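The structure appears right after this line, and notes come after that.
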Amino acid sequence: MWLEAIHQSSCDEEKCLTCGGAVRKRVFGEMHAGSFIQNSKRVDIRRIPFAEYADPISLDPITQYFDGGLYRLWPSDKYLSRGGKKLHRDAWRSAFGPIPDGCHIHHRDSDPKNNCIANLECIPAKIHLSETWHKQPKRSFTQSARDAATAWHQSEEGRLWHKRHAERQESWTKTTRAEHPCLHCGVLFMALVRKQATSQKYCTSACKVAAYRARGADKAATARYRERQKAKQSG
């Protein structure tokens, strides 16, 4: 545990019992709101949140309401966000004002979903990054990582995200079925018609392969014909 010296004002009645100096000790970087020393400079933060401040409201496992907007948790992100702004940082600014330079907003219980102001604290960035690096498990693309991804997709959060993603994309409106003749055998079949991609052209995979081979044979015949024409011209 590191300790740092906090210099008090000359009029402060609390003095060191040993030397009489106006210096006290506390755990390095520990604070919620108030004053602390960073890079030999004093940083002051409000000790009491603004009167109009209200904690975020959790609507479901991946959505929270705060300050008139919805913050969502996306699969690739750790923190809830809205328009690129993180909820825990917006909550801190709304309660205490601007975040000091070189500082991060840390979740006390290490739960990024718990964005109540009592769970947030402002600490120096280098301390926050160091603690996060040592606490988090070293990740790699192993079977355990794949199992964790599978578990997330099967969880309540994963199913809810996939449901909302499908509603936003409206994928069921992007494809239809229509009767078309197969380009290889000419048989009519119900082809898959896509709005933003190539539609189905062949009735079966066998016709698709046969058409591919026919195109290859045609290209080879064309190449042989061109070679014969060049030979005649040169001869």
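Side-chain atoms are counted along with the backbone in the values below, which use heavy atoms only and exclude waters and symmetry mates. Quick caveat: nothing in here was measured; it's all calculated off a predicted structure.
Classified by interplanar angle (parallel below 30°, tilted 30° to 60°, perpendicular above 60°), the ring pair H162/H153 is tilted.
The closest side-chain heavy-atom distance from Q200 to F189 is below 4.5 Å. The shortest distance between side-chain heavy atoms of K208 and H184 does not fall below 4.5 Å. Under the 4.5 Å side-chain criterion, counting only non-hydrogen atoms from C-beta, R177 is in contact with L192. Taking 4.5 Å as the limit, some side-chain heavy atom of H107 sits within range of a side-chain heavy atom of L120. Considering only heavy atoms from C-beta on, S58 stays 4.5 Å or farther from Y65 through its side chain. Between Y202 and C185, the closest side-chain pair of non-hydrogen atoms is not below 4.5 Å. Annotation: side chain of R228 is in contact with side chain of Y225 (closest heavy-atom distance under 4.5 Å). Looking only at side-chain heavy atoms (C-beta outward), I99 and R93 come within less than 4.5 Å of each other.
The two atoms that bring D67 and R82 nearest to each other are O-NH1, 4.3 Å, heavy atoms only. Closest approach of P61 and L160 over heavy atoms only: CD-CD2, 4.3 Å. When all heavy atoms of A95 and I117 are compared, the closest pair comes out as CB-CD1, 3.6 Å. The nearest pair of heavy atoms linking S94 to Y53 is OG-CD1, 3.6 Å. In plain terms, the two heavy atoms of D55 and F66 that are nearest each other are C-CD1, 4.3 Å.
Heavy atoms of other residues, nucleotides or ligands lying less than 6.0 angstrom from CZ of R213 number 12 at most. Other residues, nucleotides and ligands contribute over 12 non-hydrogen atoms within 6.0 Å of the CG atom of D147. Other residues, nucleotides and ligands contribute at most 12 non-hydrogen atoms within 6.0 Å of the NZ atom of K85. Remark: E167 CD is packed, more than 12 non-hydrogen atoms of other residues, nucleotides or ligands lying under 6.0 Å away. Counting non-hydrogen atoms of other residues, nucleotides and ligands closer than 6.0 Å to CZ of R215 gives a total above 12.
Interatomic distance, CD1 of I127 versus NE2 of H106, reported as 11.5 Å (0.5 Å rounding). Atom-to-atom distance recorded for C203:SG and M190:CE is 13.5 Å, nearest 0.5 angstrom. The OG atom of S81 lies 7.5 Å from the CH2 atom of W74; values are rounded to the nearest 0.5 Å. Considering CG of D111 and CG of N119, their distance stands at 7.0 Å, rounded to 0.5 Å. Rounding to the nearest 0.5 Å places CD of E121 at 9.0 Å from CD1 of I105. The distance from atom CD1 of I57 to atom CG of L70, rounded to the nearest 0.5 Å, is 10.5 Å.
Between H88 and W92, the distance separating the two ring centers is not shorter than 6.0 angstrom.
Take D60 and apply the side-chain hydrogen bond (donor to acceptor under 3.5 Å, both in side chains) test, not counting sequence neighbours, and it matches T63, R164.
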Are L188 and H180 close enough, and set up right, to give a side-chain contact (heavy atoms from CB on, under 4.5 Å), and what steps lead you there? CA-CA 5 Å; L188 292 176; H180 286 284; over 6 Å; no
For N114 and R108, what are the C-alpha separation, side-chain angles and deciding distance, and is it a side-chain contact (heavy atoms from CB on, under 4.5 Å)? CA-CA 9 Å; N114 184 3; R108 290 175 176 268; over 6 Å; no
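A donor and an acceptor atom, one from each side chain of D90 and Y71, are located under 3.5 Å apart.
Taking hydrophobic clusters as Ile, Leu, Val, Met, Phe, Trp and Tyr residues chained together by side-chain heavy-atom distances below 4.5 Å, L59 does not share a cluster with Y79.
A side-chain donor-acceptor contact under 3.5 Å links S234 to the backbone of K230.
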